Amino acid sequence: MNYGIIRVAAASLKLKVANPSYNKEEIKKVIDNAVAEGVRVLVTPELSVTGYTCADLFFTSALQQASDEALLEIAAYTEGKNICVIVGVPIVCNSKLYNCAVVIVDGAVVSIIPKQNIANYNEFYEKRWFASGSGINAPLFEKYDCSIFGNQLINLGGGAVLGVELCEDLWVTEPPSNKLALEGANIIVNLSASDEYVAKAEYRRSLVANQSARCIAAYVYAGASVYESTTDLVFSGATIIAENGAIIAEGKRFQRENVLTVADVDVEKLNTLRRKNMSFGNSSDEGFFLLDAELENDDNDLKYRCVDPHPFVPADDEKRRERCEEIFSIQAAGLAKRLEHVGSKGCVIGISGGLDSTLALLVSVEAMKLLGKPMSDIIGITMPGFGTTDRTYNNALDLMKSLGVTVKEISIKDACVQHFKDIEHNPDVKDITYENTQARERTQILFDIANKTGCLLVGTGDLSEMAMGWCTYNGDHMSMYGVNASVPKTLVRYLVKYVAEISDEKTRAILLDVLDTPVSPELLPPDENGEIAQKTEDNIGPYELHDFFLYHFIRFGYDKEKLSVLAQKAFDGAYDKATVEKWLTVFIRRFFISQFKRSCVPDGPKVGSVSLSPRGDWRMPSDASFDDFI
């Protein structure tokens, strides 16, 4: 299986300026290296056959003839290699010289695309030699047995469609790739000869990343190497591969050997994102030929696909801190607006000593700061029950006192015992009724106190719990505003840690202990040592796995097989295949049967690209079948 993935590569090459005979051999070497790595699309730099810096030698018949011969030899060399190779060649058409990208598949030249935007400023003066290919379509062009010269797309099969632009095309106000993307190209390649000077490399990287994001495409950039002429300029051989805004592979610059930068591009992901983005229903209103040049791409081992095990949480410390700061600000701003709008006197929150309620309390404190209200307007209520341990009980009380909120303690034990009598339930039977009775009793207390005090009940449940249905319907499932509604469990932990790091010493110590506490609803009695016996992840599986499944299922619609393969790659060494597939099946079943809970959730702020709000990002029948998904 290829899992909707195709392997691409950008090459920077050793060359001799104006020596196609030498350059073709280096191109053949890099083709061999790419084939050995299972690459299906190989991109070389601008004018890679001749060198970019040939200057007036481009006018000579000797260089043109040598270039033509080298191109035909390179094309023949690809026969039977199951690879698409794009090389840079100067080509004469209708007595004009064009700077072209030539697409080669299985021994044949299938497409010639001339550069549209000719750089002619500062150190560049390409108009001295080359005409613009903008608007040119010459379907009867028969040089190299190629019938098309001009704008075109190449269908590589398996949902991969190739579009080509050259160097300056990327830097202009309206890059050709915009139109190529609208017409279906999801892999944009750029043959480039961008010289180096201070700070240009980072700007180039940002252009590549941003264009891949704008086009919802992969962008494969191959730059001219240090072997170009150094008369006035130095080239670095930059090679960059980006996918939907993220740079997924980058080669080292200023190398004196051939560089091959390889990445596995997920075209299924890109196509799914495009289907969700209605802007891609528009047409570019410009004629494009679509050529079929399908490659065999039956399998992919994901060797060059980096799969992040924690897609909601940036791995870089500084980026993670910035992400947490922004999300925390979104949560607090959302709550502050709602409190202000309804004229609430303050907040009511149930504090358990666990992660979710801790984060909701911290957000509420920040919202009060934004509104200029005293912390005492927050009513924190701890409601010990049959499963409450000393650790969580003390952390709940200590945190509320440390933050200066109004503290209330209401035991739910007697009320639950009475309720068991009323409904004729044996309290020794510790089943779902035993557990949910406690959750609903707590919710009743919270709503009633909110009504009594004129305050807003702040919900604490997070995105992961809603995905798994790990909440009591009309119990902790319900509130007046859910500040954690689109925050996954793996991220909740880092948000609490972020606040801990900027808190006073006393509050920090409490928060760090909360972080160290096992995730549990504490609805079943503690063990003989008074420790938490009911651990959520023992029951429904690791949250880091479920958050991984959630992200990729909602964002990209992957099927079970692909979710499993990606998870095995991401969590290699942590979970084996059997474990991944066990909890993946649990995830799919629970996700489907829990939609009825998500169909009526309270309002809450969206903070990331994945949200399950029935009013926004996710709309699903509550009785949809999961049979074809497992």
Side-chain angles (χ1 to χ4, degrees), residues 1-10 34 37-43 82-84 153-163 177 180-181 184-190 208-221 239-250 261-277 280 294-312 314-315 545 547-572 580 584 608-610 629:
M1 294 289 292
N2 63 36
Y3 310 109
I5 289 172
I6 186 169
R7 187 161 294 170
V8 302
E37 294 296 336
V39 170
R40 297 289 172 260
V41 179
L42 170 64
V43 187
N82 192 32
I83 189 171
C84 171
L153 303 172
I154 298 92
N155 174 27
L156 300 176
V161 179
L162 183 73
S177 50
L180 292 168
N186 48 30
I187 300 176
I188 307 294
V189 302
N190 187 304
V208 171
N210 290 338
Q211 191 62 10
S212 75
R214 183 176 291 107
C215 294
I216 313 181
Y219 201 101
V220 186
Y221 178 98
T239 52
I240 307 168
I241 303 175
E243 180 184 284
N244 193 40
I247 292 178
I248 59 175
E250 185 171 12
T261 300
V262 185
D264 287 324
V265 168
D266 193 335
V267 293
E268 179 187 3
K269 165 186 169 180
L270 297 169
N271 290 337
T272 298
L273 291 174
R274 287 183 172 188
R275 285 195 295 271
K276 290 183 175 182
N277 187 326
F280 275 87
E294 296 195 20
L295 303 168
E296 292 181 10
N297 189 34
D298 296 335
D299 56 73
N300 190 296
D301 59 10
L302 277 66
K303 177 181 178 181
Y304 290 100
R305 184 75 183 173
C306 178
V307 185
D308 187 350
H310 303 115
F312 290 109
L545 274 179
D547 281 357
F548 180 90
F549 300 145
L550 173 65
Y551 178 85
H552 291 283
F553 181 71
I554 297 298
R555 285 276 282 153
F556 313 124
Y558 293 153
D559 62 20
K560 183 180 180 183
E561 182 173 7
K562 187 166 182 177
L563 287 170
S564 175
V565 168
L566 290 176
Q568 290 171 56
K569 167 89 172 178
F571 293 98
D572 184 33
V580 167
L584 177 53
S609 59
V610 174
F629 291 81

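Keep in mind it's a predicted model, so treat the numbers as computed, not measured. Below, each value reflects all heavy atoms present in this structure, side chains not excepted, and no hydrogens, waters or symmetry copies.
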Side chain to side chain contact (heavy atoms under 4.5 Å, CB included) partners of Ser212, counting only residues at least two apart: Tyr219, Ala242
Interatomic spacing from NZ in Lys269 to CG in Leu566 - rounded to 0.5 Å: 10.0 Å
Shortest non-hydrogen contact between Leu153 and Ala185, atoms and distance: CD2-CB, 3.8 Å
Over all atoms of both residues, closest heavy-atom pair of Glu296 and Asn82: O-ND2, 2.7 Å
All side-chain hydrogen bond (donor to acceptor under 3.5 Å, both in side chains) counterparts of Asn244, not counting sequence neighbours: none
Any donor-acceptor N/O pair, Asn297 side chain to Asn2 backbone, under 3.5 Å: no
Aromatic ring pairing Phe312/Tyr551, orientation class (parallel under 30°, perpendicular over 60°, tilted between): perpendicular
Under 3.5 Å: donor-acceptor pair, side chain of Asn277, backbone of Leu273: no
Donor-acceptor under 3.5 Å (Asn186 side chain, Asn271 main chain): no
Exercise: identify the closest heavy-atom pair between Arg274 and Ala181: NH1-O, 3.4 Å
Salt bridge (charged side-chain N to carboxylate O under 4.0 Å, His left out) evaluation trace for Asp301 with Arg7: CA-CA 10 Å; Asp301 59 10; Arg7 187 161 294 170; 2.6 Å; yes
Nearest heavy atoms of Ala10 and Thr239, plus distance in Å: O-CG2, 3.8 Å
Any Val8 side-chain heavy atom under 4.5 Å of Val43 side chain: no
Heavy-atom closest contact (Glu37 atom, Lys303 atom, distance): OE1-NZ, 3.1 Å
Beyond-backbone contact of Val41 with Val220, side-chain heavy atoms, under 4.5 angstrom: no
Backbone N/O of Tyr558 and side chain of Glu268: donor-acceptor pair under 3.5 Å: no
Short side-chain donor-acceptor distance under 3.5 Å, Asp264 and Tyr3: no
Interatomic spacing from CZ in Phe556 to OG1 in Thr272 - rounded to 0.5 Å: 8.5 Å
Heavy-atom pair with the smallest gap, counting every atom of Ala218 and Leu270: N-CD1, 3.5 Å
Donor-acceptor side-chain pairing of Ser564 and Gln568 below 3.5 angstrom: yes
Pairwise side-chain contact, Val580 with Phe549, heavy-atom cut-off 4.5 Å (strictly under): yes
